[in-house]
Structures are given as structure tokens and as C-alpha cells.
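The structure appears right after this line, and notes come after that.
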Number of protein chains: 2
Amino acid sequence: MKDGPDISRIAALIGDPARSNMLLAMLDGRALTAGELASQAGITKQTASSHLARLLDGALVAREVQGRHHYYRLGGADVAQALEALLGVSEGRTGTRTRTGPRDPALRKARICYDHLAGELGVLSYDRLMEDGVLVRRSGVLGVSKAGWARLGEIGVTEDGLARSRRPVCKDCLDWSMRRHHLAGQVGAALLVRMFERKWAKRVAGTRVIQFTPSGEAALRTWLRAPT
Amino acid sequence: MKDGPDISRIAALIGDPARSNMLLAMLDGRALTAGELASQAGITKQTASSHLARLLDGALVAREVQGRHHYYRLGGADVAQALEALLGVSEGRTGTRTRTGPRDPALRKARICYDHLAGELGVLSYDRLMEDGVLVRRSGVLGVSKAGWARLGEIGVTEDGLARSRRPVCKDCLDWSMRRHHLAGQVGAALLVRMFERKWAKRVAGTRVIQFTPSGEAALRTWLRAPT
DNA sequence: TTCATGGTTCGACGCTAATCGAACCATTGC
DNA sequence: GCAATGGTTCGATTAGCGTCGAACCATGAA
């Protein structure tokens, strides 16, 4: 048998509670040390090490060694996407009982997804930029229009400033809480960096929540030309 | 611990080879009997029954009993989406070695995804309909424009003909082979039905491949106003 | 009714893998 | 060089689960 892509192998890797907790902890795109991940998952260092070795073998995470610290991060944006999709499923399933998620409305408002903005404000940004023609889809590929770069420039995101990598400039990422798209890719990541720099928002330590200041959210909406 | 959405539970469900094979067999949206799924996964009836009970408990599949036959189908479009996302990850991982998939270029050309068209022709359709303004995105929600309904009417898809359900009229679904979007939702499903009715294409039994006839593909491209 | 077919339940076997204690390796600081 | 800290490797224990044979239940046809 052994059908083409062995989906079960990677699903099994995510299927362990300890591993999934670690993966979810990395879903914000940060690189965490093995020890931090161990405590995050509530297991000992030895166990975590064995799990991380497996995840590394499956390329679900990448390792970066700095001195005596071993930093782990997600293996790629596609891994983050799969995790979000699984979150969407479990959300719908437990949602029939829990309804609308037990806690963390803040998580629905704005959160980090790998390295870009997700949640209501993420979807709002995507929608407005799409309507205003900043983002355009040419033969299926999402991109930034000529006029769009000017608009992005207002906030400090320029075409030259983007790292020259294989990563797509723009990409849409499905939002599990909103069931809509938000902006990923290099532009999505750069936008979030600028928002942090301008102190419109900051991360809430230990969570994926992005806390906007009142004036920061107002500034974002102004830039987006969004009502309210 | 037991973090919010227990993503690991459903990932573990997909993580077993037998179960993932059954799920992939259902990814085309068909409802299959327990026996068919058993042979598909290469296991005995008893084992399959136990697996299906688990999947049912996790709401990854839905059961429909007709006489002495028990039909199983995927639990929802979100499940299909998660499976496709996992396919995307395993594709990228094994792809570094296997490169571009060992077999089935036909699967990349055109295949069924839950109940709509995916693959190159699926992406092409999405792109063309988007460019021609048949599909429009209004405040993030994909829909059909006024003029778009006329265009869809040419092929037999009318606004009245759609089932009145909670399922979105239009929805974009990520394509694992193309890394682009193709059209899902009620319109996506209806379009494929029309294509089958017009004998432009037919399913290849036992696989997810959709085989277009030469004249059928030409007719599709003509309707799409696509070159070649 | 009786038989055949499709599915599920029960029980037992075997294997994998998760877990932690202890020892071992590497880096940093004194 | 020596301790301290962060990580990994090794080994042993344990529990869970996938698997199948056999029995049981339901439906449909003769």
C-alpha cells in the first residue's frame, strides 16, 4: 500500500499531546529552547528531547544551536498552515459543546500566526487591502500592485526592504477563528514588524495574543481606511 | 494542561495509517461502505469497524445507514481542508527526496477535492473566473457577481438551483499540488456536477483522478475564455 | 423460515512508543 | 581546572492500541 505522501506519519507526529503542545507553542514563529518547550508541555527534559528529535527527523521543526542553547522553531509556513487547519477542525468539533471557545476572546481579536497577524484585525486588514487594490491576484498569485507599494510605504514596508528569499511576497492564510483569509508571506510578516515598531501593539508574553493599544488600533484602522 | 482545542486528539486519529488511508479515500466526497473502506486500507472488517467508530466519535466522519449498508463520508469540508493541508506538508517533506511526486501527473492535472475540481484545471478555472469578475470578494467573502451568474448560467449553474444550506456559496480551497486556490463551496460543487453531466470528464474508478476528454477540456477552456 | 451478506462486539495477543531515572556530553563562568 | 547549567543518550518499565479470530446482530432475498 503505502500511498503517495505518507500523511499519517506527520499526523502521528502531531498526534501526541506533548508534541502538539510544543508545536502550538512555536506556532507564533518564535524559536524556543528545548527546556522552555519541555515546561510548556509539562514533561521532563529527556522526554522533550526525544520528542524534538522525532519532530526534527520529520522536518516539522528546525533546530538552531547557539552555544549551549538549542533553539527550535517550526519547520516552515506549511507546517503552521496545517496546524491552523487542525485547530479549525478541533474548534468545530469541541465547539458543538463548548460553543464559541471557552476563553480568550482576545485570541480571536488579534493573535500571531507564525509571524503575521491573524484574528479579526488580521482578516480586516486583508479585506481592506484587497478592496483598495493594494493586493491583487494575478493569475492566481497574490501580489502587491504598483499603487499598493505606495500605500505600504506609508507604514514603512518597501519593496526593497524585503528579504530576497524563496518565500512568497504575499500569501493568504486561512484563519481558523474567522474562517476567512488573512495576509501571510513576506509582506504579512513585515507589516506586523512595523506595527510592533510603531508600538501599535505588543505581544502578551507566553501566549499568542497580540494586544493592540487603543490608539494603535485606531491608527491601524485609519491606515486601512476602515470605519470606526 | 489539556490546552484549549485538543488538536492532538484529531491529529492522532488521522495519524494511524489505516485511518488516514480511509480518510483519503473519502477525500473525494463520496460516501463509502465500511467494507469498501476496509479493503481500501488493507485491513479486515473488524479492524475497520473499530477505526470507523473512533473516527465517528471524533466527528471526522459521518455515518449514514441505508438498509444493511453503512455509508461513511467525511465529517465536513473543514476535515477535507485539514487533510489537504497535511498532504501539503508531507508533499513538501517527502518532496525533497522524491521530487515532484513519483506517479500520477494525472492527479496534478485534475482531481476531485471533496466534491469540487482541484489540480491545474481547478486552479485555472478559479483564476479565470476571478479575472473575469465572475467571482468577487466583498469584504472578504467570496461571491458571484451579477454578471457572473449569467456566465455561470451558460453552463447550467443558476442561483435558484443551489441547495439552500448553510454551506457557503463560494469558498476558496488551497491546492496542495499547485499551492494556489481553487473554487469550492456550492458553486464549485455544482460546476463539477455540470461538467460530469456534459460528459466533459469522468471519474477514474478507485482514484481521485478526474479524466477530461480532449473535447471536454477544450470546451472548459472555451467557456473560461482561456488560451490554448 | 431459512440462508446469505454486511457490520459490529468481544476477547486475547503482540508490539510500539511514551515516560522517567541515571549517566554522559558540551558550553559557560569562576 | 572545576563546578554549574542546558541537552542528549541509554535502559527499563508500563500502558495503550492496532490487529485479527470468533461470535453475535441486522437486513434482505429466496
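In what follows, every chain begins at residue 1, and chains take the letters A, B, ... in the order their sequences are listed.
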Over how many whole Å does the gap from [X] atom [atom1] to [N] atom [atom2] extend?
{"X": "B:Leu55", "N": "D:dG18", "atom1": "CG", "atom2": "C1'", "answer": "13 Å"}
{"X": "B:Leu37", "N": "C:dG6", "atom1": "CG", "atom2": "P", "answer": "14 Å"}
{"X": "B:Leu32", "N": "C:dG6", "atom1": "CG", "atom2": "C1'", "answer": "15 Å"}
{"X": "B:Leu56", "N": "C:dT9", "atom1": "CG", "atom2": "P", "answer": "11 Å"}
{"X": "A:Met22", "N": "D:dG7", "atom1": "CE", "atom2": "P", "answer": "13 Å"}
{"X": "B:Lys45", "N": "D:dT19", "atom1": "NZ", "atom2": "P", "answer": "17 Å"}
{"X": "B:His69", "N": "D:dA29", "atom1": "NE2", "atom2": "C1'", "answer": "12 Å"}
{"X": "B:Leu52", "N": "D:dG18", "atom1": "CG", "atom2": "P", "answer": "12 Å"}

For A:Trp223 and A:Leu129, work out which heavy atoms get closest and say how close.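 Distance-wise, the nearest heavy atoms are CH2-CD2, 4.0 Å.
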
Quick one: closest heavy-atom pair of B:Leu183 and B:Tyr126, and the distance?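 For B:Leu183 versus B:Tyr126, the nearest heavy atoms are N-CD1, 3.6 Å.
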
Please assess A:Leu60 against B:Val89 for the test side chain to side chain contact (heavy atoms under 4.5 Å, CB included), listing each intermediate value before the final yes or no. CA-CA 9 Å; A:Leu60 290 188; B:Val89 175; 3.9 Å; yes

Are A:His70 and D:dT8 close enough that a side-chain N or O sits under 4.0 Å from OP1 or OP2?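 Yes, A:His70 has a side-chain N/O under 4.0 Å of OP1/OP2 on D:dT8.
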
Assess whether side chain to side chain contact (heavy atoms under 4.5 Å, CB included) is satisfied between B:Ile10 and B:Val79, documenting all intermediate values. CA-CA 10 Å; B:Ile10 63 157; B:Val79 177; over 6 Å; no

Have a look at B:Tyr71 and say if it touches a base, only the backbone sugar-phosphate, or nothing, with a 4.0 Å heavy-atom cut-off.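 Since no nucleic acid heavy atom lies under 4.0 Å of B:Tyr71, the category is nothing.
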
Short N-O contact, A:Glu84 and A:Arg111, less than 4.0 angstrom: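 Looking at A:Arg111 together with A:Glu84, the answer is yes, because their closest N to O distance falls below 4.0 Å.
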
Do B:Glu217 and B:Lys109 meet the salt-bridge criterion of a basic N to acidic O distance under 4.0 Å?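 Salt bridge flag = yes for B:Glu217 with B:Lys109.
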
From CA spacing to verdict: side chain to side chain contact (heavy atoms under 4.5 Å, CB included), B:Ile14, A:Ile7: CA-CA 8 Å; B:Ile14 308 176; A:Ile7 164 179; 4.2 Å; yes

Side chain to side chain contact (heavy atoms under 4.5 Å, CB included) between B:Leu191 and B:His116, worked out: CA-CA 8 Å; B:Leu191 268 180; B:His116 52 268; over 6 Å; no

Tell me, for nucleotides 15-20 of chain C in 5' to 3' order, what letter each nucleotide earns: B for a base near a protein heavy atom under 4.0 Å, S for only sugar-phosphate near one, - for neither? --SSSB

For residues 48-55 of chain A, which side-chain donor-acceptor pairs fall under 3.5 Å, sequence neighbours excluded?
{"from": "A:His51", "atom 1": "ND1", "to": "A:Arg19", "atom 2": "NH1", "distance (Å)": "3.1"}

So which protein nitrogen or oxygen atoms get under 3.5 Å of nucleotides 26-28 of chain D's nitrogens or oxygens?
{"from": "D:dT27", "atom 1": "O2", "to": "B:Arg68", "atom 2": "NH1", "distance (Å)": "3.4"}

